[in-house]
Amino acid sequence: MLRFHNSLSRKKEDFIPLEKGKVKLYTCGPTVYDKAHIGNFRTFLFEDFLKRVLVARGFEVFHIMNITDVDDKTIKKSKDEGKPLSEITSYYTDLFNKDLTALKILPADVYPAATDHVGGMIKLIQSLMDKGHAYQTGDGSVFFSIESYKDYGALTKINLAGIQQSQRVESDEYGLDNPQDFALWKTYKDEDGDVSWDSPWGKGRPGWHIECSAMSMEYLGDHFDVHCGGVDNKFPHHENEIAQSICATDSPFVNMWLHSEFLLVDRGKMSKSLGNFYCVSDLFDKGFSAEEIRYIILSVHYRTKVNFTLDKQHEAKMGIQRILELRTRLADLGTEPTADFPNEIDGFNAALEDDLDAPNALAVFFDWIRTTNTALDNNKLSNEDSAKGLNFIAYFDSVFGVLPGEQSVPQDILDLVSEREEARKNKNWAKSDKLRDLINSKGFIVKDTSGGQKLSSK
RNA sequence: GGCGUCGUACCCAAGUGGUCUAAGGGAUCGGUUUGCAAAACCGCUAUUCGCCGGUUCGAAUCCGGCCGACGCCUCCA
């Protein structure tokens, strides 16, 4: 039985989907105004891990990730660069997709864009107006009245009386019934340029929170299973989403809220001035592989802050190497086809099912690796055991995605290896060692085993 | 000020009332193996879980205080 820590109850709860065997999943996507950084991808990798675990445990997952392509930041960028909003957002959406693919993140079923769903948002706002949960201010904007929803603050246990008043009061926030009321529809301002839609409340654009409500409901229905995001989205974003969704539909909204913790770099927030601000492409430039990035991030529990440092690459590299090493040993041993797994898979699954305890799952897996290596050393592994082991490794990787694909070896390396073979036959150790160094300098590791030379990439 | 998370070996990191004299990984050193290496395996590295009290037959795990780190309350994942 899968259990997840539900942010609503702050407890681990048994996961029971609304429809048996199927999971409706909504994850907050990027605002496409700039390159996404490694912190953003901590969350996307957590969500990918969640999805992979659900799939591995036999669930059919229907996954929606929105693209926020209209908001203050995108509009500002478009103005600053003097380009149409759509040009900016499609450029950064493409970059985002490239990063997702590069990091082996399984694609969502649909990536709805906010600008394609303004109609749905207007309907929701209308419903809120009709039911008295929303009101229009003097300048034409529409706000949600948090006092109209008695359970407001359930997610973050927010104490409205004690909340610190924002120092800043924007023009469209004049005339609010309650300073914490949030915008559903923002009336048109000159700086919005040509970004506007017509609505029953005049020309304008939607507020941020309403887009997730509209798009999740459009694809997943009023009531669905899981909604994820980073912790910083709990308030106000998710709190507001819950309020407006429930008030608009009079239906329960989301059963299970999962939030991933922050990624820190050098123990603090990333900042461009400190030079510790990394985009995915920056890390690739520094020689990180996608698998190493995944390993570093996934080897820490999603509700624990992860401190990203460049020196963790080595740890990741070694861990991955250890797994690949065993995979090669098993494949070399020979196999007898079987669909079974080693018994250790039970402990592995138990860890995953206990609120995605990846570190524990890794511990179980590495324990098994040691046991299996010992058995191999003692010639105590059958071909069937070997096949089971390979199945386990494949299953492991279907969840973690940290094993690189087979890499072809260039011909010049193969030539050096056969030259070395010749030298070894003649016990010309000096030449053999020299060739080993040369091969090493070209990015490959050669090992001498009882079965001859073995090549692997560094 | 309000809300919240966290502090476990040299480093990373699980565990959250007894099976904990605390998993797993990385690193170091020693050993087996090897032409030498590499890989693999074995051993060493926390009687202790930020500090101080308390509850309990029993606490890393619960409660209180203190110290320290971090986050949200500003359309930042």
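Here the structure is a predicted model, which is why all the values come from computation and not from measurement. Letters A, B, ... mirror the listed sequences (proteins, then strands); counts begin at 1.
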Could you list, one pair per line, each protein nitrogen or oxygen that sits under 3.5 Å from a nitrogen or oxygen of nucleotides 15-17 of chain B, together with the distance?
{"from": "rG15(B)", "atom 1": "OP1", "to": "D357(A)", "atom 2": "OD2", "distance (Å)": "3.2"}

Got a sec, which residues hit side chain to side chain contact (heavy atoms under 4.5 Å, CB included) with A134(A), two or more places apart in sequence or on another chain? L128(A), M129(A), V142(A), L184(A)
Most 5' of I369(A) and T304(A) on RNA chain B, judged by nearest nucleotide: T304(A)
Dot-bracket pairing map - RNA chain B, Watson-Crick plus G-U, both contacts under 3.5 Å, | cross-strand: (((((((..(((.....[.....)))..((((.......))))......(((((..]....))))))))))))....
Name all pairs fulfilling the side-chain hydrogen bond (donor to acceptor under 3.5 Å, both in side chains) condition that reach into residues 94-111 of chain A, sequence neighbours left out, sorted by first residue then second. K104(A)-E291(A)
Looking at residues at least two apart in the chain, or sitting in another chain, which of them share a side chain to side chain contact (heavy atoms under 4.5 Å, CB included) with S245(A)? S213(A), M217(A), F253(A)
Considering only heavy atoms, which members of residues 292-300 of chain A lie under 4.0 Å from some atom of RNA chain B? Y295(A), V300(A)
Give the table of side-chain donor-acceptor pairs shorter than 3.5 Å for residues 313-324 of chain A, with sequence neighbours excluded, one pair per line with atom names and distance.
{"from": "Q313(A)", "atom 1": "NE2", "to": "G287(A)", "atom 2": "O", "distance (Å)": "3.0"}
{"from": "Q313(A)", "atom 1": "NE2", "to": "E292(A)", "atom 2": "OE1", "distance (Å)": "2.9"}
{"from": "K317(A)", "atom 1": "NZ", "to": "E292(A)", "atom 2": "OE2", "distance (Å)": "3.1"}

Most 5' of D377(A) and S432(A) on RNA chain B, judged by nearest nucleotide: S432(A)
The criterion is side-chain hydrogen bond (donor to acceptor under 3.5 Å, both in side chains); which residues satisfy it with Y395(A), sequence neighbours excluded? R57(A), N349(A)
Applying side chain to side chain contact (heavy atoms under 4.5 Å, CB included), name anything that partners D354(A), two or more places apart in sequence or on another chain. R3(A), K12(A)
Please enumerate all residues that pass side chain to side chain contact (heavy atoms under 4.5 Å, CB included) together with E81(A), with sequence neighbours excluded. K77(A), K83(A), I88(A)
Sequence neighbours excluded and cut-off under 3.5 Å, please list the side-chain donor-acceptor pairs for residues 361-370 of chain A, or say none.
{"from": "D367(A)", "atom 1": "OD1", "to": "R370(A)", "atom 2": "NH2", "distance (Å)": "2.4"}
{"from": "W368(A)", "atom 1": "NE1", "to": "T372(A)", "atom 2": "OG1", "distance (Å)": "3.1"}

Among T115(A), V118(A), T31(A), T89(A), find the one that has a side chain to side chain contact (heavy atoms under 4.5 Å, CB included) with V70(A). T115(A)
Just the atom pairs and distances: protein N or O near nucleotides 31-34 of chain B's N or O, under 3.5 Å.
none

